[in-house]
Amino acid sequence: MIKRFKRFFTLISVCLMTWFISHNLSANDTLIFKAVGTWGYFTNYQKHEGPFWNQHIAEVSDRQIIGEITPHSELDLQGYEIMRLVKNGVFDFAFGMSGYVTPESAIFEGGDLSSLAQNISVLRRVSEAYFPTLERAFAEKYNAKLMLLYPFPSQMIWCKQRINNLGDLKGKRVRVYLETLGDFIDGIGAVPVNVRFNDVPQALQQDAIDCVITGTMSAYTVGLHKYTPYGFTLRVGWGLSFGAMNLNKWHRLNDQQKQLLQQEIAILNDNMWKETATEDAVALACLSNGPCELGSNGGMTLVKPSAQDLLIRDRVAKEVILPRWAERCGPECAANWNRTVGKVLDLTAQALP
């Protein structure tokens, strides 16, 4: 009850503060944007999301647009709540992971299906091909304008016991946070377990799970090496994320402001992709034996997947991940994916008969 009250009080405080500032600046036609970000302790927020809304947009717009952003980790929000709050106008803009919106529709999974994009350049081509599809979906489901898609560092597998190959994962309980990741884990004979990111350390300590899927930099930042001394460096996803704006707010901008915001967000997007492209190597060095530019080494033992592991990954993608997703999303959705992402990856999504 106390936790809920604190959460309610924080949201009300943010809204009242924004109303007060908006009211006092309205004479100058200044637009205040209430934004919510991802995790305040990760690079994406510290270097990109936060500075963009708290400083940069006011500077480049001559204070015609002023942003105020708070990471959702400080607002005690669950991911799935965020776009609903954008739809209702509580927030004007949100950054978030695709997992926040996949419960609304399987169409949101299509840009980051597990294990399909094996490097970041391919992922960017996938995101560009799928952007118009997600743009329509955000407008229909959330009355929101999709402004950008960007990745977190790649998602890998971290375990309490050494994993030498995918076969060693059979029967292991593996933390997942997306249904498509669960499909991969099920496809290799392991057991997917849904666990909130903040609950991962406790779940490991209580032996509720044996392994964890999360991003490389996330693993280092939260000290996952203290609980899982072994890493299996197979990319099973990317944590593709979005930035979306309430459409009513978007329509309040004049043409010049819209052009400026789109231009600056495009630059922000490029910077986020460039940084993520380097973070895997940095994080893996820090998780293992360095050199680490971020702090102390984690001393984790890292095992690279073999050629046989990669063949198994490809088989699971074609025989399990794509058919199950096509079944969830439906024939029209799958056909659209085949025309867009499927062409980039030379793959076909089709439900099993």
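This chain uses plain numbering: 1 for the first residue, then up along the sequence. Computed from a predicted model, the values in this text were never measured in an experiment.
- Between Thr180 and Asp183, the side chains place no donor N or O within less than 3.5 Å of an acceptor N or O (distance only, hydrogens not considered).
- Annotation: the span from Phe93 atom CZ to Lys145 atom NZ amounts to 11.0 Å, rounded to 0.5 Å.
- Residues satisfying the salt bridge (charged side-chain N to carboxylate O under 4.0 Å, His left out) criterion with Lys87, sequence neighbours excluded, are absent altogether.
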Distance-only donor-acceptor pairs under 3.5 Å for side chains of residues 38-45, two or more places apart:
unit_1 : atom_1 : unit_2 : atom_2 : d
Thr38  : OG1    : Glu49  : OE1    : 3.0
Thr38  : OG1    : Glu49  : OE2    : 2.8
Thr43  : OG1    : Glu279 : OE2    : 3.0
Tyr45  : OH     : Ile69  : O      : 3.2

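- Side chain of His72 to backbone of Gly37: a donor-acceptor contact under 3.5 angstrom is found.
- A donor-acceptor contact under 3.5 angstrom links the side chains of Arg313 and Gln118, judged on distance only.
- A donor-acceptor distance shorter than 3.5 angstrom exists from the side chain of Ser114 to the backbone of Val236, with no hydrogens or angles considered.
- One N or O on the side chain of Gln257 and one on the backbone of Asn254 form a donor-acceptor pair closer than 3.5 Å.
- A salt bridge does not link Arg175 with Asp210: every distance from a Lys NZ or Arg NE/NH1/NH2 to an Asp or Glu carboxylate oxygen is 4.0 Å or more.
- Annotation: the span from Leu146 atom CG to Phe131 atom CZ amounts to 4.0 Å, rounded to 0.5 Å.
- Counting heavy atoms from C-beta outward, Ser218 and Phe197 have side chains that approach closer than 4.5 Å.
- Contact check for Glu332 versus Asn336: no side-chain heavy atoms found under the 4.5 Å cut-off.
- A donor-acceptor pair under 3.5 Å is formed between the side chain of Thr278 and the backbone N or O of Glu275.
- Taking each heavy atom of Thr102 and Glu109 in turn, the nearest pair found is CG2-CG, 3.4 Å.
- For the pair Gly96 and Tyr150, the tightest heavy-atom approach, listed with the atom from each and the gap, is N-OH, 4.2 Å.
- Thr233 contributes no side-chain N or O that, together with a main-chain N or O of Leu302, makes up a donor-acceptor pair within less than 3.5 Å.
- Put simply, CD on Glu264 and CD on Gln259 are 11.0 Å apart, with the number rounded to the nearest 0.5 Å.
- Side-chain contact check for Arg252 versus Asn248: every heavy-atom pair is 4.5 Å or farther apart.
- The environment of CD in Gln205 is crowded: more than 12 heavy-atom neighbours from other residues, nucleotides or ligands sit within 6.0 Å.
- Leu123 is connected to Leu310 through a chain of hydrophobic side-chain contacts under 4.5 Å among Ile, Leu, Val, Met, Phe, Trp and Tyr, so both are in one cluster.
- Minimum heavy-atom separation, Ala326 to Ala349: CB-C, 4.0 Å.
- Under a cut-off of 6.0 angstrom, the local environment of CD in Gln161 is sparse, with at most 12 non-hydrogen atoms contributed by other residues, nucleotides or ligands.
- The pair Lys160-Asp207 counts as a salt bridge, with a side-chain nitrogen and a carboxylate oxygen less than 4.0 angstrom apart.
- With hydrogens and angles ignored, the 3.5 Å screen pairs a side-chain donor or acceptor of Asp309 with a backbone N or O of Leu166.
- In this structure, CG in Leu260 is found 12.5 Å from CG in Asp255, a value given to the nearest 0.5 Å.
- Checking side-chain atoms of Asn297 against main-chain N and O of Gly299 turns up no donor-acceptor pair under 3.5 Å.
- No hydrogens or angles considered: nothing links the side chains of Ser98 and Asp112 as a donor-acceptor pair under 3.5 Å.
- Of the listed residues (Val195, Ile213, Ile209, Val212), just one forms a side-chain contact (heavy atoms from CB on, under 4.5 Å) with Val176, and that residue is Ile213.
- Within the 4.5 Å cutoff, side-chain heavy atoms of Leu253 are placed close to those of Leu31.
- Between Leu261 and Lys258 there is no side-chain heavy-atom pair separated by less than 4.5 Å.
- Across every non-hydrogen atom of Pro151 and Ile120, the tightest pair is CG-CD1, 4.0 Å.
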Where do Met83 and Phe91 land on the side-chain contact (heavy atoms from CB on, under 4.5 Å) test, with the steps shown first? CA-CA 9 Å; Met83 282 309 299; Phe91 294 108; over 6 Å; no

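- Aromatic ring centres of Phe108 and Phe138: separated by under 6.0 Å.
- Using a 4.0 Å cut-off between charged nitrogen and carboxylate oxygen, Lys249 and Asp92 count as a salt-bridge pair.
- Under the 3.5 Å distance criterion, the side-chain polar atoms of Gln155 are matched with a main-chain donor or acceptor of Gly215.
- Residue Gln202 places its CD atom among 12 or fewer non-hydrogen atoms of other residues, nucleotides or ligands, all under 6.0 Å distant.
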Could you give me the CA-CA distance, side-chain angles and deciding distance for Trp158 and Tyr230, then say whether ring pair (Phe, Tyr, Trp, His ring centres under 6.0 Å) is met? CA-CA 6 Å; Trp158 320 98; Tyr230 301 98; over 10 Å; no

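- Closest non-hydrogen pair, Leu149 versus Ser127, comes out as CD1-O, 3.7 Å.
- For Asn338 and Thr348, the side-chain atoms include no donor-acceptor pair closer than 3.5 Å.
- Hydrophobic clustering, with ILVMFWY side chains joined whenever heavy atoms are under 4.5 angstrom apart, groups Phe152 together with Leu294.
- When side chains are defined from C-beta on, Leu240 does not count as touching Val126, because their heavy atoms never get closer than 4.5 Å.
- Between the side chain of Asp280 and the backbone N or O of Ser154 there is at least one donor-acceptor pair closer than 3.5 Å.
- At a threshold of 4.0 Å, the pair Asp270-Arg124 counts as salt-bridged, since one of the basic side-chain nitrogens sits closer than that to a carboxylate oxygen.
- By the criterion of side-chain heavy atoms lying less than 4.5 angstrom apart, applied directly or through intervening Ile, Leu, Val, Met, Phe, Trp or Tyr residues, Val341 is grouped together with Val122 in one hydrophobic cluster.
- Counting heavy atoms from C-beta on, the side chains of Phe95 and His48 never come closer than 4.5 Å.
- Of the possible donor and acceptor atoms, none in the side chain of Thr276 sits under 3.5 Å from a partner among the backbone N and O of Trp273.
- Heavy-atom minimum distance, Gly89 versus Lys34: O-NZ, 3.7 Å.
- Residue Leu113 holds its CG atom at 7.5 Å from CD1 of Ile321, rounded to the nearest 0.5 Å.
- In summary, Asp168 and Arg162 do not engage in a salt bridge, as defined by a charged side-chain N under 4.0 Å from a carboxylate O.
- One distance of note links NZ of Lys170 with CD1 of Ile185; it measures 13.0 Å at 0.5 Å rounding.
- Ion pairing between a basic and an acidic side chain is recognised when a charged N comes within 4.0 Å of a carboxylate O; Arg84 and Glu104 show such pairing.
- The shortest side-chain heavy-atom distance between Tyr130 and Ile107 falls under the 4.5 Å cut-off.
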